[in-house]
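Below: the structure, in structure tokens.
Letters A, B, ... are given to chains in the order of the sequence lines, protein chains preceding strands, and every chain is numbered from 1.
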2 protein chains.
Amino acid sequence: MSALPLDPSEHRSGALLDHLARRMRLRAESVLAPLGLRPRHLVALTVLRAGGGTSQQALATTLEMDSTNIVGLLNDLEAKELVERRRSPQDRRRHVVELTEDGAKRLKEAECALAGVEDEVLGALEPAERETLYELLRRAATTTPISCSAAIDEEPDAC
Amino acid sequence: MSALPLDPSEHRSGALLDHLARRMRLRAESVLAPLGLRPRHLVALTVLRAGGGTSQQALATTLEMDSTNIVGLLNDLEAKELVERRRSPQDRRRHVVELTEDGAKRLKEAECALAGVEDEVLGALEPAERETLYELLRRAATTTPISCSAAIDEEPDAC
DNA sequence: TAAATAGTTGGTGCAACACAGACGATCCTT
DNA sequence: AAGGATCGTCTGTGTTGCACCAACTATTTA
């Protein structure tokens with residue numbers, strides 16, 4: 001009882017994450033517009049680059065979006081030839097979605113164009129800190145949510 | 001030319017931020033619902049706690065939301081007595097918005113309830129790393145966007 | 001052959017906004 | 001004291017990003 005251990009457990013990043021993502025997204029929209037991209041396209045492309053060829057429903061899972069909406073998203077991207085849908089030889093029902101060279105290039109351009117935005121939003125952080133942030137985010141983002149929730153099982157919510 | 005300096009400049013956190021925030025928000029919604037809160041309420045409360053008493057339009061600025069929509073948000077919060085609007089003695093047009101004790105308590109409860117969510121989304125990160133992440137996010141979030149954009153002035157977009 | 005699965009299409013509905021107009025209250029000028 | 005600007009409020013409109021449902025085709029698997 002005397003412990004009450006100086007609890008840093010209230011340090012929840014959720015709201016901060018939300019807030020920062022919003023600020024970033026608001027600015028990113030206008031910067032991305034001339035490139036014909038929207039923030040969510042960027043997210044998809046980023047995931048695609050990280051994950052290589054994936055089926056659409058795998059994409060739906062990692063993006064945690066309804067698969068019907070993935071279709072439209074990919075239509076956009078494919079119309080711009082940033083992404084390619086190919087039938088999987090193993091299972092011809094499947095579409096293997098992959099970044100095209102143009103896609104990778106455009107993604108890079110976009111990231112480049114976003115430098116200013118990041119400077120603005122992450123202005124309080126030193127370059128090294130930003131790199132740390134990036135690395136933490138990247139690692140957190142590239143874990144499948146499924147394996148996670150499976151690993152969690154039941155948590156007694158001991159608060 | 002030969003340099004091509006191993007450029008880590010492509011490490012843009014925007015998309016990752018977006019992605020993670022989304023994953024967090026999706027889960028947070030259901031966890032927060034029993035508490036009568038929505039993610040955006042959480043963000044507002046968090047900002048309010050960090051910033052102390054602020055006018056509504058200051059809030060609109062930091063949340064980067066239209067001030068007319070702030071009204072509704074605050075109405076929700078005030079109806080639940082999590083927030084208080086008082087006339088500013090200096091300028092009686094202004095409302096000084098402040099977290100009530102109930103508000104602070106509810107916020108803490110919410111953060112507590114979100115522990116599981118964070119475990120799920122940030123599962124790949126060790127506790128120490130999460131704390132680092134939190135600290136970085138906190139610092140980045142508590143900088144006024146205005147002073148930032150003013151500091152940037154004109155950037156020649158040298159990419 | 002039947003049932004399950006991947007993708008597509010179209011439609012509905014909701015919530016989060018942005019934006020605009022009009023208003024009262026209260027500054028701040030001159 | 002009068003006029004204009006500012007803060008908050010209310011109302012209403014439109015857009016967008018989704019989730020969700022239903023129906024359909026092509027394909028796989030049982």
- Determine the minimum heavy-atom distance between B:Ala140 and A:Ala124, stating which atoms define it. CA-CB, 4.3 Å

- Message: Distance check needed: C:dA16 P versus B:Leu32 CG, whole Å only.
- Response: 12 Å

- Task: With heavy atoms under 4.0 Å as the rule, sort A:Arg25 into base, sugar-phosphate or nothing.
- Result: nothing

- Rounded to the Å, how far apart are B:Asp66 CG and C:dA15 P? 20 Å

- Is B:Glu111 paired with B:Lys108 through a side-chain N to carboxylate O contact shorter than 4.0 Å? no

- Gap between atoms CG and C1', on B:Leu63 and C:dC17 respectively (whole Å): 13 Å

- Task: Starting from P on D:dT16, measure out to CE on B:Met65 and report it in whole angstrom.
- Result: 18 Å

- Message: With a 4.0 Å cut-off on N to O distance, would you call A:Glu64 and B:Arg27 a salt bridge?
- Response: yes

- Message: Under a 4.0 Å threshold between the charged nitrogen and the carboxylate oxygen, would B:Asp18 count as salt-bridged to B:Arg23?
- Response: no

- Note on the structure: Judged by nearest nucleotide, the residue sitting upstream toward the 5' end of DNA chain D, A:Gln90 or A:Glu29, is A:Glu29

- Message: How many whole angstroms separate atom CG of B:Leu26 from atom C1' of C:dA16?
- Response: 14 Å

- Task: Give the rounded distance in Å between these two atoms: CG of B:Asp76 and C1' of C:dA15.
- Result: 12 Å

- Whole angstrom value for the distance that separates P of C:dA15 from CZ of B:Arg38: 6 Å

- Here the distance between atom P of C:dC17 and atom NE2 of A:His19, to the nearest Å, is 11 Å

- Item | Sequence-aligned protein contact record of nucleotides 6-12 of chain C, with B where the base is within under 4.0 Å of a protein heavy atom and S where only the sugar-phosphate is | SSSB---

- Item | Between A:Gln56 and A:Arg94, a side-chain donor and acceptor under 3.5 Å | no

- Item | Given D:dT16, D:dT27, C:dA16, the nucleotide with the shortest approach to the side chain of A:Arg92 | D:dT27

- Message: Quiz question: by atom type and distance under 3.5 Å, do the side chains of B:Asp66 and B:Thr68 form a donor-acceptor pair?
- Response: yes

- Apply the test salt bridge (Lys or Arg N to Asp or Glu O under 4.0 Å) to residues B:Glu29 and B:Arg38: give CA-CA distance (whole Å), side-chain angles for both, the deciding distance (0.1 Å), then the verdict. CA-CA 6 Å; B:Glu29 259 162 22; B:Arg38 304 276 190 107; over 6 Å; no

